[in-house]
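See below for the structure under consideration.
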Amino acid sequence: MLQQTPVVRVLPVWNEWLKRWPTPADLAAEPAGEAVRAWGRLGYPRRVLRLHAAAAAIVADHGGKVPDTYPELLGLPGVGSYTAAAVAAFAYGRRETVVDTNIRRVHARLLSGQALPAPALTAAEMRLAAEILPSDQAESVRWNAAVMELGAMVCTARAPKCGLCPVRDSCAWLAAGEPPPSYVPKGQAWHGTDRQVRGAVLAVLRLAEIPVPPDHFRTAPADLGFAAEGVGVPLTALHRLNSAPEQLDRALAGLLADGLAELTDNGYRLPA
DNA sequence: GACGCGTGGAC
DNA sequence: TGTCCAAGCGT
């Protein structure tokens with residue numbers, strides 16, 4: 001849930017989630033569509049399919065217990081290098097090189113003197129993080145949490161609170177006079193994109209109690225708007241379903257390909 | 001290595 | 001208001 005999603009938005013969903021499915025086996029016993037519904041508007045819904053698949057794999061291959069080693073965790077769906085390291089370190093107390101976006105930014109500034117880390121994680125960054133990780137196991141766990149928290153709370157992407165920073169005297173970026181980023185991060189477009197349409201379609205499918213006929217998306221945007229009222233589905237996107245049929249086709253095909261939707265005789269629905 | 005993938009709070 | 005960006009991953 002925390003992959004690319006702020007903690008404050010995850011917390012309420014996470015609480016309800018663990019109340020409903022306390023163990024991997026509980027989640028694995030549910031249809032994937034139920035997990036997609038419970039995911040709500042956290043975003044990146046492919047993550048929830050992978051989480052569901054990971055629960056199944058944990059039951060099938062690990063006796064229902066979340067594995068406690070990096071390579072085993074890495075083998076689970078949706079678990080990459082960051083998540084495997086984070087779970088091994090923070091859940092099981094192991095010494096792992098944890099590198100998330102916060103830690104990358106702290107390292108870029110404090111050690112490399114750059115305003116922002118490279119667009120993508122590099123091997124050099126991983127080497128550097130591994131080199132400076134404390135050798136003591138317990139200390140390494142606290143180190144990872146501390147650097148991550150420093151990045152999240154003080155050494156933020158925009159308007160870092162350098163006046164509050166406990167290590168500002170040893171910051172290479174401050175010493176260099178706060179040079180600007182060497183590149184301009186390009187934000188993700190949203191309005192009018194396939195992605196927006198895809199999100200709107202899935203929002204409708206989450207709401208729907210019965211399969212949604214394909215024509216319903218094209219011919220009844222007002223009905224979709226009515227159905228979507230009060231749950232934050234952007235009506236502009238729903239209208240766009242009617243005006244950009246090729247976008248709708250791509251969104252539906254993509255959702256089917258990803259396993260986020262199924263097409264039955266009666267229409268589209270979340271996976272059973 | 002580049003790309004596609006959601007959503008909403010902050011400024 | 002529009003832009004930025006958040007505990008990444010898989011292809």
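FYI, side chains are in, hydrogens and waters are out, and symmetry mates aren't considered; it's all heavy atoms of this structure. Letters A, B, ... mirror the listed sequences (proteins, then strands); counts begin at 1.
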Tell me what A:Val10 touches on the nucleic acid: a base, only sugar-phosphate, or nothing, going by heavy atoms under 4.0 Å. nothing
Near-strand residues of residues 104-111 of chain A, defined as heavy-atom separation under 4.0 angstrom from DNA chain C: A:Arg105
Name the residue closer to the 5' end of DNA chain C, choosing between A:Gly78 and A:Arg9 according to the nucleotide with the nearest heavy atom. A:Arg9
What range of DNA chain C does chain A touch, first nucleotide to last, counting atoms under 4.0 Å from its heavy atoms? C:dC4 to C:dG10
On the nucleotide B:dT7, are OP1 or OP2 found under 4.0 Å from the side-chain N or O atoms that A:Arg198 carries? no
By side-chain hydrogen bond (donor to acceptor under 3.5 Å, both in side chains), A:Arg37 pairs with (sequence neighbours left out) none
Rounding to an integer number of angstrom, what distance separates B:dC3 and C:dA7 when you compare their P atoms? 24 Å
Look at all strands and tell whether A:Leu42 reaches a base, only sugar-phosphate, or nothing, counting heavy atoms closer than 4.0 Å. base
If I take atom CD in residue A:Gln196 and atom P in nucleotide B:dG8, what distance separates them, rounded to the nearest angstrom? 12 Å
Once you round it to whole Å, what is the distance between P of B:dC3 and OH of A:Tyr44? 14 Å
Whole-Å distance between B:dT7 C1' and A:Gln3 CD? 15 Å
Using a heavy-atom cut-off of 4.0 Å across all strands, would you classify A:Thr101 as base, sugar-phosphate, or nothing? sugar-phosphate
Is the CZ atom of A:Arg20 crowded by more than 12 outside heavy atoms at less than 6.0 Å? yes
A:Pro45 near the nucleic acid: base, sugar-phosphate alone, or nothing, with a heavy-atom cut-off under 4.0 Å? sugar-phosphate
Atom-to-atom span, CD of A:Gln4 to P of B:dC3 - whole angstrom: 16 Å
Strictly below 4.0 Å: does A:Arg158 bring a side-chain N or O up to OP1 or OP2 of B:dA10? no
Figure out the CD/P separation between A:Gln247 and B:dG4, and round it to whole Å. 14 Å
pair A:Tyr268-A:Leu252: side-chain heavy atoms closer than 4.5 Å: yes
Can you check the A:Leu49 CG to B:dG4 C1' distance for me, whole Å? 15 Å
Heavy atoms under 4.0 Å, any strand shown: does A:Ala86 hit a base, just sugar-phosphate, or nothing? nothing
Pairs where residues 160-173 of chain A contributes a residue and the test salt bridge (Lys or Arg N to Asp or Glu O under 4.0 Å) is met, not counting sequence neighbours: none
Considering residues at least two apart in sequence or located in another chain, which fulfil the side-chain hydrogen bond (donor to acceptor under 3.5 Å, both in side chains) criterion with A:Thr69? A:Glu72
Nucleotide B:dA2, atom P - distance to CG of A:Leu121 in whole Å: 13 Å
Interatomic distance, A:Trp190 CH2 vs B:dG4 P [rounded to whole Å]: 14 Å
A:Trp21: ring-ring contact (aromatic ring centres under 6.0 Å, His included) partners, not counting sequence neighbours: A:Trp17
Euclidean distance for P, B:dG9 against C:dC9 (whole angstrom): 25 Å
Taking atom types as modelled, is there a side-chain donor on A:Gln3 or A:Thr83 under 3.5 Å from an acceptor on the other? yes
